[in-house]
Amino acid sequence: LKQPDNGIAYSLEEAVGIADRVGYPVLVRPSYVLGGRGMETCFDEAALRRYMRAAVDVSELANAPILIDRFLSEAVEVDIDVIADFPSDGGPDAVRLDGDEPRALICGVMEHTEEAGIHSGDSMCTIPPFALPDSIQEAIKEQARRLARRLGVRGLMNVQMAVKDEEINILEVNPRASRTVPFVSKAKGVSWARLAAKVMMGASLTELDAHEVPDSGFYAVKEVVLPFDRFPGVDVILGPEMRSTGEVMGMHRALPVALAKAQMGAGVMLPTEGNIFLSVNREDRPKCIDIARMLASMGFTILSTRGMHDLLLSHGINTVMLPKISEGARPNVQDKIANGEICLIINTATRQGADTDEGRIRGLAVRSSVPIITTTNGARAAVQAIAALKAGAWSVAAIQDYFPHLAREPVGGGAPAGVTV
């Protein structure tokens with residue numbers, strides 16, 4: 001199995017050497033942290049040295065070294081939950097005392113909407129995967145089963161992988177339940193946590209009659225709840241350090257409607273008309289041409305500054321050009337936000353920090369309760385959801401409508417808690 005090139009640094013110069021070897025950009029993280037605390041992507045040696053000086057106690061590196069991984073840009077991240085009943089003390093080839101052949105079952109495969117580099121707890125994800133080829137999905141499942149066997153997992157296990165150029169890389173393996181288990185349970189109609197508890201107490205998957213659950217003909221979308229409106233001045237850009245404080249889900253047979261329901265659950269009311277401000281970094285501009293074209297075709301007015309305006313105009317997409325805040329001319333995007341004239345902002349960050357025009361725009365958007373999207377993949381998903389809302393062909397259903405057997409489960413049985421989806 002493959003993983004990104006990496007190394008463990010016990011000194012500042014060793015960190016620089018490892019980064020030179022694996023190649024920039026690199027993902028750096030301290031030892032012994034949860035939720036991605038202190039993780040950062042460094043794009044050059046200056047950024048790495050700045051990180052080491054600001055975020056790390058160099059004198060303690062011998063006891064808590066820094067982990068350095070080659071950052072896989074534009075990779076698709078995947079979460080996989082597994083339940084297994086291998087004897088934890090018998091090695092990968094051991095047989096259970098009850099004679100049942102130990103197994104590892106895939107609870108669910110979740111494809112992240114945002115690219116690798118954003119913490120898995122902050123990324124929208126979908127069951128079943130919406131873009132991964134079936135061959136890649138099967139390879140992912142087989143690799144996860146092999147990991148569970150080799151680690152002797154008894155209970156739940158979570159694996160995070162990244163797919164780049166059809167090559168699968170292992171990012172992280174946690175032989176424990178993950179925050180994704182409640183989501184996977186509701187998406188599959190199986191209480192995986194209840195089964196795992198029984199397995200950990202000695203039951204086998206065979207005697208529990210546990211099986212992998214095929215896709216059920218609908219999509220389940222997990223979206224995160226972010227607390228930025230309670231922390232004025234904090235930049236809303238997502239990264240490897242987890243920011244979310246909760247999760248919701250939406251379900252529907254059509255993916256765009258499931259996306260829209262998930263946004264509603266997270267308290268984000270996507271607009272169906274009005275002005276949308278589009279401002280992205282240079283690398284992301286080509287990706288936003290189709291997004292802008294879809295928005296324009298739905299009747300939205302697109303506002304942008306000169307660089308984005310010129311690009312879209314060259315592709316036959318009209319926008320209203322606004323001056324940059326730093327240029328001093330009025331009205332600018334700040335005025336438009338303050339006057340309630342913007343219903344959605346799509347803005348991807350540069351590496352220049354929160355004190356730039358874009359940082360001020362994001363801060364004002366949060367204070368003014370204007371929805372803001374900070375990744376191109378997230379923007380594409382939001383546009384699909386807006387199209388579904390404008391079409392109006394959707395309704396609300398209960399989870400028991402997707403899984404009729406749950407309606408027959410006794411209270412306290414194996415079914416996940418009911419939710420309106």
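Below, all heavy atoms of this structure are taken into account, side chains as well, without hydrogens, waters or symmetry copies.
The closest donor-acceptor contact from the side chain of Arg285 to the backbone of Ser279 lies at 3.5 Å or more, if one exists at all. At distances below 3.5 Å, at least one donor-acceptor pair connects side-chain atoms of Gln137 with backbone N or O atoms of Leu132. No donor-acceptor distance shorter than 3.5 angstrom exists from the side chain of Ser304 to the backbone of Leu278, with no hydrogens or angles considered. The backbone N or O of Ala162 lies less than 3.5 Å from no partner atom in the side chain of His112, so there is not a single donor-acceptor pair. Judged by distance alone, the side chain of Ser123 and the main-chain N or O of Ser120 form no donor-acceptor pair under 3.5 Å. Checking side-chain atoms of Thr375 against main-chain N and O of Gly378 turns up a donor-acceptor pair under 3.5 Å. A side-chain donor-acceptor contact under 3.5 Å links Lys261 to the backbone of Ser395. Put simply, the side chain of Gln160 never gets that close to the backbone of Ile170: no donor and acceptor are under 3.5 Å apart. Between the side chain of Asp209 and the backbone N or O of Glu207, no donor-acceptor pair lies under 3.5 Å. Judged by distance alone, with hydrogens and angles left aside, the side-chain atoms of Arg70 form a donor-acceptor pair with the main-chain N or O of Tyr24 at under 3.5 Å.
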Step-by-step side chain to side chain contact (heavy atoms under 4.5 Å, CB included) determination, Ile106 to Val109: CA-CA 8 Å; Ile106 304 299; Val109 178; 3.9 Å; yes
Please walk me through it: do Lys141 and Glu138 pass salt bridge (Lys or Arg N to Asp or Glu O under 4.0 Å)? CA-CA 5 Å; Lys141 292 177 183 179; Glu138 290 306 314; 3.6 Å; yes
Test Leu208 against Val199 for side chain to side chain contact (heavy atoms under 4.5 Å, CB included), laying out the working first. CA-CA 9 Å; Leu208 293 172; Val199 168; 3.8 Å; yes
Please step through side chain to side chain contact (heavy atoms under 4.5 Å, CB included) for the pair Ile127 and Val184, ending with a clear verdict. CA-CA 8 Å; Ile127 295 177; Val184 178; 3.9 Å; yes
Could you walk me through whether Asn158 and Arg176 pass the side chain to side chain donor-acceptor pair (under 3.5 Å) check? CA-CA 7 Å; Asn158 174 262; Arg176 56 162 173 77; over 6 Å; no
Go through Ile140 and Val163 one step at a time and tell me if the side chain to side chain contact (heavy atoms under 4.5 Å, CB included) criterion holds. CA-CA 9 Å; Ile140 285 171; Val163 181; 4.1 Å; yes
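Taking both residues in full, the closest heavy atoms of Ala148 and Phe86 are given as O-CD1, 3.5 Å, listed atom of the first, atom of the second, then distance. Contact record, Gly108 with Met110: O-CE, 4.0 Å, taken as the closest heavy-atom pair. Between Thr272 and Lys390, the shortest heavy-atom contact is O-NZ, 2.9 Å. The two residues Ala262 and Val248 come nearest to each other via the heavy atoms O-CG2, 3.4 Å. The nearest pair of heavy atoms linking Ile373 to Ala379 is CG2-N, 3.4 Å. In terms of heavy-atom proximity, Cys343 sits nearest to Phe300 at SG-CE2, 4.4 Å.
Note on ring orientation: taking the six-membered ring where Trp is involved, the planes of Tyr402 and Phe218 are tilted (angle from 30° to 60°).
For Met298, the CE atom is densely surrounded, since the number of other residues' heavy atoms within 6.0 Å is greater than 12. Other residues, nucleotides and ligands contribute only 12 or fewer heavy atoms inside 6.0 Å of the CD atom of Glu273. Residue Arg21 places its CZ atom among more than 12 non-hydrogen atoms of other residues, nucleotides or ligands, all under 6.0 Å distant.
We find that Glu212 and Lys188 are not joined by a salt bridge, their nearest charged nitrogen and carboxylate oxygen being 4.0 Å or further apart. Arg49 has a carboxylate O that lies under 4.0 Å from a charged side-chain N of Glu45, or vice versa, which qualifies the two as a salt bridge. Arg29 and Asp69 are joined by a salt bridge, as a carboxylate oxygen and a charged side-chain nitrogen come within less than 4.0 angstrom of each other. Under the 4.0 Å criterion applied to side-chain N and carboxylate O atoms, Lys164 and Glu74 are not assigned as salt-bridge partners.
Residues Ile136 and Glu166 have side chains in contact (heavy-atom distance under 4.5 Å, counting atoms from C-beta outward). Between Leu27 and Ile68 there is no side-chain heavy-atom pair separated by less than 4.5 Å. In this structure the side chain of Arg179 reaches within 4.5 angstrom of the side chain of Met242, judged on heavy atoms. Contact annotation: the side chain of Val26 never approaches that of Thr41 to less than 4.5 Å [non-hydrogen atoms, C-beta and beyond]. Put simply, the side chain of Met264 reaches to within 4.5 Å of the side chain of Leu389, judged on heavy atoms. Using a 4.5 Å heavy-atom threshold, the side chains of Met124 and Val221 count as touching. Side-chain contact between Asn6 and Val22: absent, with no pair of heavy atoms (C-beta onward) separated by less than 4.5 Å. Glu77 is not listed as a side-chain neighbour of Met161, based on a closest heavy-atom distance of 4.5 Å or more.
Under the 3.5 Å distance criterion, with hydrogens and angles disregarded, a donor-acceptor pair is assigned to the side chains of Arg362 and Asn347. Side-chain N/O atoms of Thr348 and Asp284 include a donor and acceptor closer than 3.5 Å. For the residue pair Thr180 and Asp79, no side-chain donor N or O sits within less than 3.5 Å of a side-chain acceptor on the partner.
The CZ atom of Phe130 sits 8.0 Å away from the CG atom of Leu259 when rounded to the nearest 0.5 Å. Distance check, rounded to the nearest 0.5 Å: CG of Leu270 to CD1 of Ile386 gives 5.0 Å. Atom OG1 of Thr126 is separated from atom CZ of Phe183 by 6.5 Å, given to the nearest 0.5 angstrom. Atoms CD1 and CD1, on Ile342 and Ile337 in that order, are 5.0 Å from each other to the nearest 0.5 Å. Annotation: the span from Ile302 atom CD1 to Arg293 atom CZ amounts to 10.0 Å, rounded to 0.5 Å. How far CD1 of Ile18 is from CG of Asp20: 10.0 Å, rounded to the nearest 0.5 Å.
Of the residues Thr376, Ile372, Leu295, the one that meets the side-chain contact (heavy atoms from CB on, under 4.5 Å) test with Ile346 is Leu295.
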